Amino acid sequence: MFRFIFVTGGVVSSLGKGIASASIATLLQSRGFKVRVRKLDPYLNVDPGTMNPYQHGEVYVTEDGAETDLDLGHYERFLGINTKKSDNITTGKIYQDIINAERNGLYKGGTVQVIPHVTNQIKKFIYSDLSNEDFIICEIGGTVGDIESLPYLEAIRQLSNEIGKLRSIFIHLTLVPFISSAKELKTKPTQHSVKELRSIGIQPDIILCRSEGLIPDEEKEKISLFCNVEKSNVFQSVDVKSIYEVPLKYSTEGLDKKILNHFKIKSKRNSDLKNWKDFNKKLKNAKSTVSIAIVGKYTHLRDAYKSIDEAITHSGVKNNVNVDINWIESSDLNNQKAIEKKLKNISGVLIPGGFGKRGVDGKINTINYCRKNNIPFFGICFGMQIAIIELSRNLLKLKSANSTELSKTKNPVVCLLEEWKNKRKIFKGELNKIGGSMRLGSYPAKVKSGSLLSKIYNNKKIIYERHRHRYEVNINYKSKLEKKGVIFSAISPYNNLPEAVELKNHRWFIGVQFHPELKSKPFKPHELFSAFIDSAIKYRDEVLKNEK
Ligand code: GLN
C-alpha cells in the first residue's frame, strides 16, 4: 500500500529539505521498506537544464536522461537507488502539459483553471509511475508563503484528504534561529510558518526544527502549543558537520519510529545503520590530508559542483584521507606564475564540466602544467574536451585546434556531431539516440583492455556512465593523437565517439566525456574518483619524500 510523506519547508530557503527528505527515506529503507523520493519544484522553468548554476546549483542527470534538481542526487546517494525522469516535476512542465492539452482540445471547451486542473495534474504526477513502494516521499520545493508553492500545497492537501491520515503525513521543516544578542532561540518564525500552512488547510503532523544547537524542552512546548502538534512530534534537526550524519541524528531522535506510529504500522525489520555509522567514523578519523584543486567557473558556489564534491568525500573516506578541496577560478590561472603559486601544494587537479568560453585559457594552461609536471589530472566532460584542445595544440602543433563551442576553427578537435558526420559513417542508432541537441543520460562505452581506465574499472569491457553534453571529441584526430602517446581508453559502441582518454607517459592523466560523479555513492565510491584520490596521495607522498 502506498503511503505518502509530504515534506514542506518554512521560514527560509536552503534549510536542507532535500537532505531531510533523503534522511527520512534512508531510515525507512533501513527498516526494510521500499521507498521513493520525489521533488516538486514550483518554478516556471520546464526543467533546470538551462538554468544558471549560480542560481540553481548543479543540474543532476538521471540514468534515463532527465535534467533534474540536485536534490535527486542526494536521494540517489543516500538510498543507493536510481531516480527517474518521473521523480522531478516543475510548474513549467505542468503548465506545458496543460496548455498542450488545451490546444489539442482535450478540455472540450471547458475553462482551464488552477483548481482543479493544475492541482489535478500535480496529483497525477504524485500518483504516476509507482510500483510497490511502501513510502513515497514528496519534497515540495520553495518555502511556505511563496505564491508559486500554493498549487502544490493545495494539491497535497486534497490528496491527503482523499486518502486519509493513515496513508499521508505532513512534515514541516522550519528554522529556529538563535539570536546571539539576546542569547535566545526564537520559535516565532516557526509559529508564523505553521500558521500560514494551517491557513491553507494543512496541519503539519511533525515539525522538524533546524537549529544551530539543541532545542530545550521549553521551546518545544511552545512550538507544540502554538502550532497545534504534540510535543513529542516536535523534532530538532541540529546542524551537523556532514550531511551523512543527518540520518543517524534523526534515528537517535526517533523520527522514523514516530512516522511509523503515525501510519500505525510496524517496522519490517530492525533498523540497521551500521554502514552509516562506519562511514561517519571513517570520515571523522581520516589518517592524513591530501589537497586537490578543482579548477572551474562556478567555484564560489559549491552547489554548482555538488556531485563532484560528494564523490570526492566518498573516495576520501575509502582512501582514509581528508580531502582538502581548493576551489580555483580558472580565470585566475592565466599565466605560469599564477599557476605555480596556486597549485603549489596541490596533489591532484580536477577540471569539471562546463559551458562557454570564460576561463578556458586558464584551464588549458592548467592542463599543460599538469601534463608537463606529471601531476595527477582528472578532466570531466568539458575538462576532457579542453584536455584534447591542449594536447592537439601542443603535441600535434595544431595552434588553431579548438572546440567549435568556443570558436570557429580549421581544426575542430571538439565539435558537434553534425559538423563531421558527413565525413564518416555514423550508425543510425548512435545518431538517433543523440536526440534534440544534448547527449543525456546513461550510455555504454567500450573500455580498451590494458589501459589505466580498464584497470580502474576492474577489467570491465563495457561500462555505463551518464552524459550531459552537446559537443564530442572529433574522432578524426584520434590516430594523430595516438601517435603522440594519447590513449583513447573508452569509445562508444560503434567506435565514433571518444569516451575517455589518457596519457601513456603520465602517472595519472585521465579525461572522460561522461560524468562519473553522478553515480558515486557513500558506500560505493566511484572507482575513477577513488583511483584519482589514490594517485594524488601517492604523488603527495613522493613529493614529501623528495623534499626530505
Ligand atoms: N560544453 C560542453 C558540451 O556541451 C561540455 C558540457 C559539460 O561539461 N557538461 O559538450
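All of these numbers come straight from a predicted model, not from anything done at the bench. One-based numbering, in listed order, for ligands and for the atoms of each.
- The aromatic ring centres of Tyr43 and His56 sit less than 6.0 Å apart.
- Under the 6.0 Å cut-off for aromatic ring centres, His526 and Phe532 do not qualify, their centroids lying 6.0 Å or more apart.
- Which parts of ligand 1 touch Gly353 is read off a 4.0 Å heavy-atom cut-off, strictly below it: atoms 8 (O).
- Per-residue contacts place Tyr471 under 4.0 angstrom from the following atoms of ligand 1 (heavy atoms of the residue considered): 3 (C), 4 (O), 10 (O).
- Not one N or O on the side chain of His515 forms a donor-acceptor pair closer than 3.5 Å with the backbone of Glu517.
- For the pair Gln385 and ligand 1, the shortest N or O to N or O distance falls below 3.5 Å.
- Under 4.0 angstrom from ligand 1, the non-hydrogen atoms of Glu405 all belong to its side chain.
- The distance criterion of under 3.5 Å between nitrogen or oxygen atoms is met by Gly354 with respect to ligand 1.
- Glu76 pairs with exactly one of Lys524, Arg466, Lys39 by the salt bridge (Lys or Arg N to Asp or Glu O under 4.0 Å) rule, that one being Arg466.
- A salt bridge links Arg358 with Glu329; the closest basic N to acidic carboxylate O contact falls under 4.0 Å.
- Distances below 4.0 Å separate heavy atoms of Arg470 from the following atoms of ligand 1: 3 (C), 4 (O), 10 (O).
- Only the backbone of Arg468 comes within 4.0 Å of ligand 1, counting heavy atoms alone; no side-chain atom from C-beta on gets that close.
- Going from atom CD1 of Ile137 over to atom CG of Leu79 covers 7.5 Å, rounded to the nearest 0.5 Å.
- Between the choices Cys381, Gly379, Pro352, the shortest heavy-atom distance to atom 7 (C) of ligand 1 belongs to Cys381.
- The side chain of His515, and not its backbone, has at least one atom closer than 4.0 Å to an atom of ligand 1 (non-hydrogen atoms only; side chain from C-beta on).
- Salt bridge present: Arg468 and Glu67 bring a charged side-chain N and a carboxylate O closer than 4.0 Å.
- Between Phe382 and ligand 1, at least one pair of N/O atoms sits closer than 3.5 Å.
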